[in-house]
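This report refers to the structure that appears directly beneath it.
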Number of protein chains: 2
Amino acid sequence: MKKRLFTPGPTPVPENVALAMAQPIIHHRNPEFIEIFSRVNENLKYLFQTKRDVFTLTSSGTGAMEAAVVNLLSPGDKAIFVNGGKFGERWGEICKAYGVNAVEIKIEWGRAVAPEEIESELKKNPDTKAVFLTHSETSTGVFTDVKEIAKVVRESSDAVVVVDGITSVGAHEMYMDDWGLDVVITGSQKGLMIPPGLSFIAVSEKAWKMVEESKLPKFYFSLKKAKKALESGDTPWTPAIALIVALDVALKMIREEGLENIWKRHEKLSLAVREGCKALGLKLFGYPPSHAVTAVYFPDGIDKKEFQKVLKYKYGITVAGGQEHLKDKIFRISHLGYYDEIDIVGVISALEMALMDSGFDKFNQGDGVKAVQKVFAGFEEKLVQKDNNDEMLSCCH
Amino acid sequence: MKKRLFTPGPTPVPENVALAMAQPIIHHRNPEFIEIFSRVNENLKYLFQTKRDVFTLTSSGTGAMEAAVVNLLSPGDKAIFVNGGKFGERWGEICKAYGVNAVEIKIEWGRAVAPEEIESELKKNPDTKAVFLTHSETSTGVFTDVKEIAKVVRESSDAVVVVDGITSVGAHEMYMDDWGLDVVITGSQKGLMIPPGLSFIAVSEKAWKMVEESKLPKFYFSLKKAKKALESGDTPWTPAIALIVALDVALKMIREEGLENIWKRHEKLSLAVREGCKALGLKLFGYPPSHAVTAVYFPDGIDKKEFQKVLKYKYGITVAGGQEHLKDKIFRISHLGYYDEIDIVGVISALEMALMDSGFDKFNQGDGVKAVQKVFAGFEEKLVQKDNNDEMLSCCH
């Protein structure tokens, strides 16, 4: 059976990227590798929209989260984090593990924190050193407006803004430097379209001063060591070389498509998934929606296990279930990374058929796919209009 | 040009292992992956010769070293480490970064610590909680008798024995349980023949009690979390899936060849490299020699840079240079992992030609390869004798 992954990490790996990993291994202190790694670093800056170094760590995204905490803070420092999902909650867990005084903003899983809530917490805690945010909360499919929050934090405190961009980088508009995000992290098996095993972290000049003074213990994740090694084009420890070779290919694809186009593609595909689901009578979970992953309530009255089995074993589609207390409430369809319109037609079509197989009949055959195509048609029209405008602009100025 | 790596990590990746990574990515919570990971775990136990779990971490080997320190110890605990090379020294650096009271046994780089030296340091420091050792010191090519040392430690203290087996596991005889080694770690890009990005750690029952009580901060490298996740066949964070799929293939190759045969092969190839070098008038560095890597003094009177360039760009052979103060003194030829007799003939032959090209003429053409073949011939004879004995045994008993 042909298998298709619609999970928010790992995401599908393009064939040419996968084959790049199968090339003969090269040594990480060799000129060949140094050349690849230097190109990767430049392209990562483009991806993050930053002039600062983007450090590549050999770890999952959680490793980069830990790197952010242990490199910025000292024991007893105060930090604010938002628990609005499993990954926001994780910022707090890491802080606690390292003796950071972590102030929790607990919100209902499925909504985004408002800039005012951050502002009010900062007023109560003027000695806050860092605010930890989640741009796209993978567990709930909710998007947080980190641009607005960064503005509020800057205006009301000296705290740095740390953004988990694990499922937003390469999916959502993000200008690290222009928006004043101090630390941004991401992982490899997401928008970057390569297998898991690498994570990335960039640090603003302001936040780097905290790195210089941070007293939390660290060794493997030391960013000072990473910076020193990067000065000779290298990493402090042997990196996951094959993944970096794959990353080089993936980043070239990203540059070719162009970041704005990629953001637009994610916006379009996510809208199509939401419209497709709604047309099938499904209820969406969480708001506002991330462009990376769509969370959907299981419809009442169907056998959830059976439905997932049919989806997976009859139609070859793997989606993600819910996490923690959302385990039996929602499932999540990812459209992050290497997806196009036909992929979305495919997943919504499979959803239709699996729902019908499960006895759920609140729609007519084809309703989902029809809604999906409608979104695409509308989007194209808009693009054509925009192109015409651009042409007019370029001919008249 | 055909390129050949003779570096102690990364080591060459077999073609079928490399191609396994290029397969469509699978999700780490799927039954398909759980099945692979469970087989990997069983085969890792075989590799380590232990009944204990072997935890797979997504990091370089240094990450597993850090995991050993932060999971066993508490702030202010006393530990002994042996600085006889760059990697022995690293145990001390990690301990210091985490506030462990690290007692250094400093020995000349190029020799192994003697069991008596450990014994005497333990007498001076009866409150020592852990002794950190390096089985095969990659920076010097020196082998340490951890079996004897473990015996001494057990007899004279309650400390646990922690072994960096990064370039020894899969090269040197090692029976973790039988020898009473409490913690053994290794990396993926070594004897395991896959690219870098994974590390491994196994913990004895005695050492696990320390894990339960350890107070050093940790999150990503928490072995308690790893153990809990392993109970459902998983890892706490998204692992480097493609590397684990490759590892599954590599471990099958290891089981097919058999651990004792692999150890013997490494012994034979390393002896051949040493004899080949000696026949070329080269002086070996360090004693006793590791079976994973051979350190050789640069001969006097040749242009070292030119020699290495010729070796690399004329003959396609990459060896490793020296590290730290040994940088311009030695070079290192690795024979760890996926190598056979013909590979060794190749590297010694290239060494001969590159030395001749560099004007070094303390040997006759073919001397090196002749010495290599002699070792192989002798080894085969021994094996034939052994086989005959086995046959006699099996026919007569």
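In what follows, chains are A, B, ... by sequence order, proteins preceding strands, each numbered from 1. All of these numbers come straight from a predicted model, not from anything done at the bench. Basis for what follows: all heavy atoms, side chains included, without hydrogens, waters or symmetry-related copies.
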TODO: Check whether B/Pro10 gets within reach of chain A through its side chain, its backbone, both or neither, counting any heavy atom under 4.5 Å.
DONE: both
- [ ] Sort B/Leu5 into side chain, backbone, both or neither according to what part of it lies under 4.5 angstrom from a heavy atom of chain A.
- [x] side chain
Task: Heavy-atom pair with the smallest gap, counting every atom of B/Ser60 and A/Thr58 - done: N-CG2, 4.2 Å
TODO: Among the options A/Ser59, A/Gly187, A/Gly9, pick out the one with the most heavy-atom pairs lying under 4.5 Å from chain B.
DONE: A/Ser59
- [ ] Counting only heavy atoms closer than 4.5 Å, note whether B/Ile194 contacts chain A via side chain, backbone, both or neither.
- [x] neither
Task: Part of B/Thr318 within contact of chain A (heavy atom distance under 4.5 Å) - done: side chain
Open item on the list: Could you measure the distance from the OG atom of A/Ser222 to the CD atom of B/Glu93? Nearest 0.5 Å is fine.
Closed with: 11.0 Å
TODO: Report the option among B/Pro239, B/Ala18, B/Pro196 that has the most heavy-atom pairs separated by less than 4.5 Å from atoms of chain A.
DONE: B/Pro196
Open item on the list: I'd like to verify something: which residue of B/Arg29, B/Glu32, B/Gln23 has the highest number of heavy-atom pairs under 4.5 Å with chain A?
Closed with: B/Glu32
Task: A/Gln189 CD to B/His27 NE2 distance, which is reported to the nearest 0.5 Å - done: 9.0 Å
Open item on the list: Taking every non-hydrogen pair under 4.5 Å, which of B/Thr238, B/Leu57, B/Val70, B/Val69 racks up the most with chain A?
Closed with: B/Thr238
TODO: Would you check, one step at a time, whether the test side chain to side chain contact (heavy atoms under 4.5 Å, CB included) holds for B/Phe219 with A/Arg90?
DONE: CA-CA 10 Å; B/Phe219 190 80; A/Arg90 185 165 295 172; 4.1 Å; yes
Task: side chain to side chain contact (heavy atoms under 4.5 Å, CB included) between A/Lys3 and B/Ile26, worked out - done: CA-CA 9 Å; A/Lys3 289 172 188 167; B/Ile26 54 176; over 6 Å; no
- [ ] Indicate the atoms forming the closest heavy-atom contact of A/Pro217 with B/Ala97, along with that distance.
- [x] CB-O, 3.4 Å
TODO: Check each atom of B/Lys96 against the heavy atoms of chain A and say whether the ones under 4.5 Å are side chain, backbone, both or neither.
DONE: neither
Open item on the list: Counting heavy-atom pairs closer than 4.5 Å to chain B, which one of A/Leu19, A/Leu198, A/Val13, A/Ile94 comes out on top?
Closed with: A/Ile94
- [ ] Name the option with the most non-hydrogen atom pairs under 4.5 Å to chain B; the candidates are A/Gly321, A/Gly63, A/Ala246, A/Pro236.
- [x] A/Gly63
TODO: Specify the closest pair of heavy atoms between B/Lys312 and A/Pro31, including all atoms of both residues, with the distance to one decimal.
DONE: NZ-CD, 3.5 Å
Task: Spacing of CE belonging to A/Met193 relative to CD1 belonging to B/Ile25, to within rounding of 0.5 Å - done: 13.5 Å
Task: Part of B/Glu15 within contact of chain A (heavy atom distance under 4.5 Å) - done: neither
Open item on the list: If I compare all heavy atoms of B/Ala22 with all of A/Ala22, which pair ends up nearest, and what's the gap?
Closed with: CB-CB, 4.1 Å
Task: Nearest heavy-atom neighbours spanning A/Gly197 and B/Ala240 - done: CA-CB, 3.9 Å
Open item on the list: Between the side chains of B/Lys218 and A/Glu66, is the shortest nitrogen-to-carboxylate-oxygen separation below 4.0 Å, so that they form an ion pair?
Closed with: no
Task: Under 4.5 Å from any heavy atom of chain A - which part of B/Thr11 - done: backbone
Open item on the list: Quick check for you: to the nearest 0.5 Å, what is the distance between A/Leu243 atom CG and B/Met21 atom CE?
Closed with: 8.0 Å
Task: Separation between OG1 of A/Thr62 and CZ of B/Phe221, rounded to the nearest 0.5 Å - done: 11.5 Å
Task: Close aromatic pair by centroid cut-off 6.0 Å: B/Tyr220 and A/Tyr220 - done: no
